[in-house]
Amino acid sequence: SRMFAPCWKATTVFRPVSLACGVCQATRTVAMSYAFLYTYAARVQLLYSLHPLLVGIASCCLGDALPLRTSIALACSLVALFVMFWPDLQNGFHHETQKDALGDGLALVTTLAVALFLLFSR
C-alpha cells in the first residue's frame with residue numbers, strides 16, 4: 001500500500017556505509033566465534049568490552065564534543081582497564097600458548113569491528 005512506500009524506498013537505496021556496516025558485523029561474528037575457541041571466555045569478554053572506549057576516543061578524534069559525564073566515564077574505564085591489565089603488564093603479556101595470542105588478537109578484531117560499526121551507523 002501507499003503507507004509503506006516511503007519506508008520501502010528508504011531501505012532499497014544502496015549506500016556504501018551499509019556495505020561497510022555489513023562487513024563489520026560479519027567480521028565481528030566470525031572473529032568472536034573463533035576467539036572463544038582459542039582463548040579464555042573472560043579474556044574475550046574483557047577485550048570486547050573495550051569498544052565503547054574506542055568509540056568515545058574515535059568520536060573525539062573526529063571532532064565531536066563529548067559531554068562531561070562521558071569524559072568522566074571514559075577516564076574511569078581507562079583506570080579500570082589499567083587495574084585489570086596490571087598483572088599482565090608486570091608479566092610482560094606472556095601467553096601460555098600461541099593459540100591464546102591468536103584468540104586475544106581475534107578478540108581485538110571483534111572490538112575494532114564493533115567500534116567501526118557504531119561509528120559508521122551514527
Is a side-chain N or O of T39 found less than 3.5 angstrom from the main chain of A35, in a donor-acceptor match? no
Rounded to the nearest 0.5 Å, the SG atom of C61 sits from the CG atom of L119 at a distance of 10.0 Å
Any donor-acceptor N/O pair, T111 side chain to L47 backbone, under 3.5 Å: yes
Positive for side chain to side chain contact (heavy atoms under 4.5 Å, CB included) with I72, one of L68, L74, T70: L68
Any side-chain to backbone donor/acceptor pair from T110 onto M32? Under 3.5 Å, distance only. yes
L106 with L46, same ILVMFWY side-chain cluster at under 4.5 Å: no
Which ILVMFWY residues are connected to L112, directly or by a chain of links, through side-chain heavy atoms under 4.5 Å apart? L54
Group every Ile, Leu, Val, Met, Phe, Trp and Tyr by side-chain heavy-atom contacts under 4.5 Å, then state whether Y48 and V83 land in the same group. no
For Y40, look at atom OH and say whether over 12 heavy atoms of other residues, nucleotides or ligands are found less than 6.0 Å away. no
Same apolar cluster: V44 and V114, side chain cutoff 4.5 Å: yes
With Y38, which residues qualify under ring pair (Phe, Tyr, Trp, His ring centres under 6.0 Å), at least two apart? none
Output the distance between atom CG (L78) and atom CD1 (I57), rounded to the nearest 0.5 Å. 5.5 Å
If hydrophobic clusters are built from ILVMFWY residues whose side chains come within less than 4.5 Å, do L102 and L37 share one? yes
Taking CZ in F36 as the centre, count heavy atoms belonging to other residues, nucleotides or ligands within less than 6.0 Å. Is the count above 12? yes
Specify the closest pair of heavy atoms between L66 and G56, including all atoms of both residues, with the distance to one decimal. CD1-O, 3.8 Å
Apply the test side-chain contact (heavy atoms from CB on, under 4.5 Å) to residues C21 and L116: give CA-CA distance (whole Å), side-chain angles for both, the deciding distance (0.1 Å), then the verdict. CA-CA 8 Å; C21 286; L116 286 173; over 6 Å; no
Separation between CD (Q25) and OG (S121), nearest 0.5 Å, reads 8.5 Å
Steps toward side-chain contact (heavy atoms from CB on, under 4.5 Å) verdict (F117, R28): CA-CA 9 Å; F117 173 80; R28 182 201 61 86; over 6 Å; no
